[in-house]
Number of protein chains: 2
Amino acid sequence: VSAWVNGRRRSTLDHRDRGLQYGDGLFETMRVCRQRVRLLDYHLERLLEGCTRLQIAAPESTGLRRELERMGSGRKDGVLKLIVTRGCGPRGYRPSGHEHPTRIATLHALPKAISAAAVRMRLCKTPVSVNAHLAGLKTLNRLDSVLARAEWRDAQVWEGLMSDPDGNWVCGTMSNLFVRRGALLATPLLDRGGVAGVMRRWVLENAAGVGLRAEQRRIRSEDLISAEEIFMSNAVVGIRSVGAIERTAAGTVRISCTDAAGQLRARLDLL
Amino acid sequence: VSAWVNGRRRSTLDHRDRGLQYGDGLFETMRVCRQRVRLLDYHLERLLEGCTRLQIAAPESTGLRRELERMGSGRKDGVLKLIVTRGCGPRGYRPSGHEHPTRIATLHALPKAISAAAVRMRLCKTPVSVNAHLAGLKTLNRLDSVLARAEWRDAQVWEGLMSDPDGNWVCGTMSNLFVRRGALLATPLLDRGGVAGVMRRWVLENAAGVGLRAEQRRIRSEDLISAEEIFMSNAVVGIRSVGAIERTAAGTVRISCTDAAGQLRARLDLL
């Protein structure tokens with residue numbers, strides 16, 4: 001792993017960094033395709049919105065964009081991860097307002113097994129953390145995803161779905177959920193928890209282009225069962241069709257593959 | 001700040017540490033009094049319970065206790081903070097199960113203005129994060145407390161109360177809530193969110209000794225208004241009586257001071 005901390009090649013950071021102390025920061029995980037950072041505008045917009053909501057001094061946008069483009073240009077294909085923390089501070093939750101944010105950028109190889117094949121998914125017991133003031137943001141507070149992802153080791157299962165305490169399905173541990181029935185494409189509302197992925201945004205914006213009406217709403221188990229198609233979105237892997245959902249008790253739901261996902265994927269490949 | 005990382009004097013840590021990447025870890029904030037770590041047993045028990053629940057390999061208990069006692073013995077009075085993370089790993093939420101935990105211990109001066117005087121408290125807008133699988137643990141996912149604590153700068157206000165999405169008061173940003181009416185001492189249930197403080201445990205265990213019946217239950221605004229006494233507990237500052245609660249709209253609730261808090265404080269001072 002190559003790492004740059006505040007633009008300099010380094011692999012360590014100060015133990016007083018609030019990113020470590022409190023998870024006081026945000027991150028972006030970006031796909032590098034043919035030396036370019038895919039959906040970079042969307043990543044930057046989400047990051048800056050997150051900084052505003054957490055009252056973190058946002059990195060200067062033009063310089064940051066240039067830095068990320070330069071890092072991506074060194075790589076044919078891969079993953080570029082950027083962490084922005086509030087920076088160092090004394091002990092105590094209260095931000096002084098004078099912290100200098102820390103920026104940590106790393107390049108990684110693509111995860112294995114990125115393909116267009118439909119994947120298996122499980123239903124996780126670990127719920128998504130609910131907090132309306134943090135909902136949608138990709139913060140460093142990710143223990144819900146960590147515990148949900150620790151629920152299985154079967155490499156045949158690609159993703160796990162997480163619900164809120166009221167039984168609404170909110171997101172995968174690392175991806176967003178889409179459920180299609182006819183021309184209606186639904187994805188969970190993220191007003192209480194979950195991460196609003198940039199690929200989710202892209203799908204919402206491109207649904208009409210493949211003849212779908214997209215909407216954000218609560219998704220219940222009945223919606224999964226009655227779906228004609230289910231797929232997951234993620235900035236690195238794009239769009240993955242779900243071929244089967246494992247149910248803890250009653251066996252497996254099989255889902256007929258894959259119409260809209262294929263059409264959206266074809267569009268995405270043009271980027 | 002003096003820092004020890006895995007027992008060695010150091011001030012940096014690896015950027016791949018999952019404590020930074022995902023807030024994947026726990027911490028304890030301990031009071032050092034007369035060269036001794038107060039309530040060390042309770043801190044160690046909570047930490048090890050947290051490791052079990054997060055499936056983090058717990059540090060060896062006897063060695064850890066000795067290390068903390070040694071650090072405390074160098075200081076007449078102060079704060080000893082210990083962070084335990086899952087350790088380093090590759091990108092991705094899933095723990096491999098083979099990580100080596102990182103232990104970061106730091107010594108700090110006591111916060112200013114620790115006294116027995118009654119404090120002012122506000123009612124925060126930032127809600128507590130709700131997740132039954134994390135509730136009660138002192139994890140590194142503390143953005144709810146950070147945002148709540150960022151709501152005010154008035155140094156006259158010592159603490160802010162946080163509620164869950166259903167309007168139950170759960171905890172302060174850095175302390176636990178107790179509400180007394182007659183001989184009944186109530187503290188919020190922490191089954192959905194909040195940190196179960198070691199001082200909260202101590203108060204629950206010592207309430208009977210000062211003639212109180214303690215119970216954990218939901219606390220509503222009505223309970224604050226009808227209280228005869230309100231106090232907050234925190235491992236570093238002990239027990240602080242609340243003299244007034246600022247209300248965003250309707251002004252201030254004044255609370256008659258302070259019976260049980262004084263008696264409990266006298267007991268605590270014997271430790």
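Values below: all heavy atoms of this structure, side chains included; hydrogens, waters and symmetry mates excluded. Proteins get letters first, then strands, A, B, ... in listed order; numbering begins at 1 in each. The shown structure was predicted, so the numbers you read here are calculated from the model rather than taken from an experiment.
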Out of B:Ser11, B:Gly19, B:Ala150, which one racks up the most heavy-atom pairs below 4.5 Å with chain A?
-> B:Ser11
Please report the closest heavy-atom contact between A:Arg142 and B:Asn141, naming both atoms and the distance.
-> N-OD1, 3.2 Å
Apply side chain to side chain contact (heavy atoms under 4.5 Å, CB included) to A:Val130 and B:Asp164, showing your working.
-> CA-CA 9 Å; A:Val130 168; B:Asp164 68 21; over 6 Å; no
Heavy-atom proximity to chain B below 4.5 Å, by part of A:Glu151 = neither
Rounded distance (nearest 0.5 Å) linking atom NE2 of A:His15 with atom CG of B:Leu13 | 9.5 Å
Chain B interface, residue from A:Asp17, A:Asp144, A:Leu54 that has the most non-hydrogen pairs under 4.5 Å | A:Leu54
Test item: B:Arg153 side-chain N/O and A:Ser96 main-chain N/O as donor-acceptor pair under 3.5 Å = yes
Might you point out which heavy atoms bring A:His133 and B:Leu147 nearest each other, and give the distance in Å?
-> O-CD1, 4.3 Å
Run through B:Arg86, B:Arg94, B:Gln21 and flag the one making a side chain to side chain contact (heavy atoms under 4.5 Å, CB included) with A:Val146.
-> B:Arg86
Qualifying residue, where the test is side chain to side chain contact (heavy atoms under 4.5 Å, CB included) with A:Leu143 and the options are B:Leu140, B:Thr139, B:Leu137, B:Asn131 | B:Thr139
Scored by heavy-atom pairs under 4.5 Å with chain A, the best of B:Gly193, B:Gly25, B:Pro95 is B:Pro95
Max heavy-atom pair count under 4.5 Å with chain B, selected residue of A:Gly23, A:Ala132, A:Pro127, A:Pro90 | A:Pro127
Partner chain A: residue of B:Arg10, B:Gln55, B:Lys81 with the largest heavy-atom pair count (under 4.5 Å) = B:Lys81
If you count the non-hydrogen atoms of other residues, nucleotides and ligands that lie under 6.0 Å from CZ in A:Arg36, is the total more than 12?
-> no
Between B:Asp14, B:Val5, B:Asp24, the one whose heavy-atom pairs under 4.5 Å with chain A are most numerous | B:Asp24
